[in-house]
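Encoded as structure tokens, the structure appears first; notes follow it.
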Amino acid sequence: MRKQALITQLFTSYIILVLIAITLIITISSGVIETFYFDQKTNDLKVRASLMEGILTQQDSLDYSSLQKFSREISSVISTRITIIGIDGVVLADSEEDPENMDLHNDREEVSQALVSGEGWSQRYSFTLDQEHIYYAKLIILDSTDLILRASFSTEDLDMALRSLKYDLITIGVGIIALIALINWYISRMITRPIQVMESGARRFARGKLKLKVPESNIRELGSLARSLNEMADEIYERIRMVTQQKNEQIAILSSMTEGVIALSPEGEILSANKAAASMFGLKSKKMLKRPLYEVIRHADLNIFVTKVLQSRKSTQTRISVFEPEERVLNVIGNQMPARKGAFAGAVLVFTDLTHIQKLEGVRRDFVANVSHELKTPITSIQGYVETLQEGAIDEPDNAERFLGIISKHADRLGQIIDDLLELSRIEEISDEDEKYFKPTSVEGLFDSALQNYHVSVKQKKMTIIKEIEADLTIDANQKLMTHALGNLLDNALKYSEEAGHITLRAYSNGKKVILEISDDGIGIDSEHLDRIFERFYRVDRGRSREVGGTGLGLSLVKHITRIHGAYLEVESLVGKGSTFRMTFKSKK
Ligand code: ADP
């Protein structure tokens, strides 16, 4: 059904009512007036006839001509047609027509009634005058003869008068309707205007503009409706604000989490996924939404797990391996998502990246094994020689001295390993944010203090030290640690070079960076070992390293020291040609 505007409904129904009322008033009143007017006219006719009777009875002569004269004169005075008819029906006189031309009138209804009962009425068409007439006939008894006096008037005049009256009434009616329509329009608008204003206000609310209020009408009911609408808008605004705030908090929490979180519908469709979850699978979180998990993440184990979580509706966990975009081990906890009245709203999956922890665990395991192994060799050796001494070798002075020398060497080695381990763990505690450790330091000074500890070895091995150090180069450094690191590199260059080799100490700046290099022309390192030589206890050639007093911890110390200086350590080496260890520092601002 087509809906109409309130103003149209109010206006049209009111106008229809007024129209009906005015039409009824006009119809009824014109009927009443017509009857009244008709009665007046007929009464008048009767009164006039009686008056004429009085005059007629006083007439001396009643011949045709005097009767004719009488009828004409009286008729002109009282504006009524007068006919005088003999009781035989012959028309004796007529105010409008020549009686000669008129036929016998005793068959006329009013005349025949008058002849019987003294008076008669009729309304009919007059062929004489060619008009509808109302006739009144009265029997007049005179001394000489009896006559019928008939008075009549044309209903046309009456009709005309009534018609003009009706026109007047209709004109007034139309005028009244127009006036009422105008007033009605104004009143209807007064009622509907505030409703329209409220309606557009409610639409604004629906569009979310809850701060723009609906103006209050001065019609009481509409005013309180507007107030209620405004209160409702305030309430909704407050709720939306709270919900948005909660949602933002949740988003902030979820996106700052390192754990991946995915919410699933009961059908397994992704409802939300945080950044961490997306990046674990190399995806974009927005592209994951509203799609089934099995379609987005093609991982058989995960999908079996999700099906189990959704079906059992219990908290479960598993561990999965992911190979794309990089190799990871993830712990997945699947939990039921809380919903109202025990309904099942879906599940939440929480992914924890265990890759790093697993690596650390491996490193720790290796480290413990390595340390144990490194310590075990000298200890076993010491124990062996102590036992040999106890079993009698102590009494053989030559052997005893040699054995004690070996025991002392191994004890030194143990001490060296423990010192390096302690140094390493101490350095691991320092971070590059510990500013108190770092000061602008001369690069040349650092090389010099590192060299100081190796003068004897350099001399013994007949090594040549070449210095290519730019003047006035400084870096933010911890003097002691850097001396230690450069010392280790220098020590290696000495250890892994043949006699009379060359060691170059180089330092230069390219504006943005300061680069420190220690190169040798020693034995070099095979490329397969280059990635691993910085690991703790890793040695290319265990025997040689041990022989030259290495612990396998030197380069890992250098690496840590470089890292806490915010610098970068790399190595280039060719077997038989030599090695270059390079530290790249950010230039001081
Ligand atoms: P080590 O105490 O055994 O020297 P490092 O951690 O200092 O332990 O070095 C690890 C291994 O890297 C050494 O065992 C050695 O095989 C190799 N290496 C280090 N520096 C050099 C170098 N300048 N030339 C050749 N090999 C080197």
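Just follow the structure's listing: the first ligand is 1, and inside any ligand the first atom is 1.
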Relative to Phe585, does Lys513 satisfy both conditions: NZ or CZ under 6.0 angstrom from the six-membered ring centre, and within 45 degrees of the ring's axis? no
Which protein non-hydrogen atom lies closest to [atom], naming both residue and atom, and how far is it?
atom                    : result
atom 8 (O) of ligand 1  : Gly552 CA, 3.1 Å
atom 17 (C) of ligand 1 : Val540 CG2, 4.0 Å
atom 7 (O) of ligand 1  : Asn492 ND2, 2.9 Å
atom 14 (O) of ligand 1 : Arg539 CG, 3.0 Å
atom 12 (O) of ligand 1 : Ile533 CG2, 3.6 Å
atom 3 (O) of ligand 1  : Ser545 OG, 2.6 Å

Quick one: does [X] get a heavy atom under 4.0 Å from ligand 1?
X      : result
Arg536 : no
Ser579 : yes
Phe581 : yes

Between [X] and ligand 1, which residue portion shows a heavy-atom distance shorter than 4.0 Å: side chain, backbone, both, or neither?
X      : value
Lys495 : side chain
Tyr538 : backbone
Asp520 : side chain

Numbering as shown, the atoms of ligand 1 that approach Gly554 to under 4.0 Å (heavy-atom distance): 5 (P), 6 (O), 7 (O)
Pairing donors with acceptors under 3.5 angstrom, does anything connect the side chains of Tyr508 and Glu468? no
Can you find a side-chain donor-acceptor pair between Gln416 and Arg413 that sits under 3.5 Å? no
So, regarding Ser556 and ligand 1 (criterion: nitrogen or oxygen to nitrogen or oxygen, under 3.5 Å), is there a contact or not? no
Looking only at atom types and distance, does a side-chain atom of [X] sit under 3.5 Å from a main-chain N or O of [Y], one as donor and one as acceptor?
X      : Y      : value
Ser587 : Gly511 : yes
Asn274 : Val261 : yes
Lys461 : Leu494 : yes
Thr483 : Leu446 : no

Should one rank Tyr496, Phe534, Phe537 by closest heavy-atom distance to atom 24 (N) of ligand 1, which comes out on top? Tyr496
Note: heavy atom closest to atom 9 (O) of ligand 1, options Leu553, Leu555, Ile417, Ile525, belongs to Leu555
State plainly whether the residues Lys211 and Asp234 are in salt-bridge range, i.e. N to O under 4.0 Å. no
Residues forming a side chain to side chain donor-acceptor pair (under 3.5 Å) with Asp301, sequence neighbours excluded: none
Euclidean distance, Ser556 OG relative to Asn488 CG, rounded to 0.5 Å: 9.0 Å
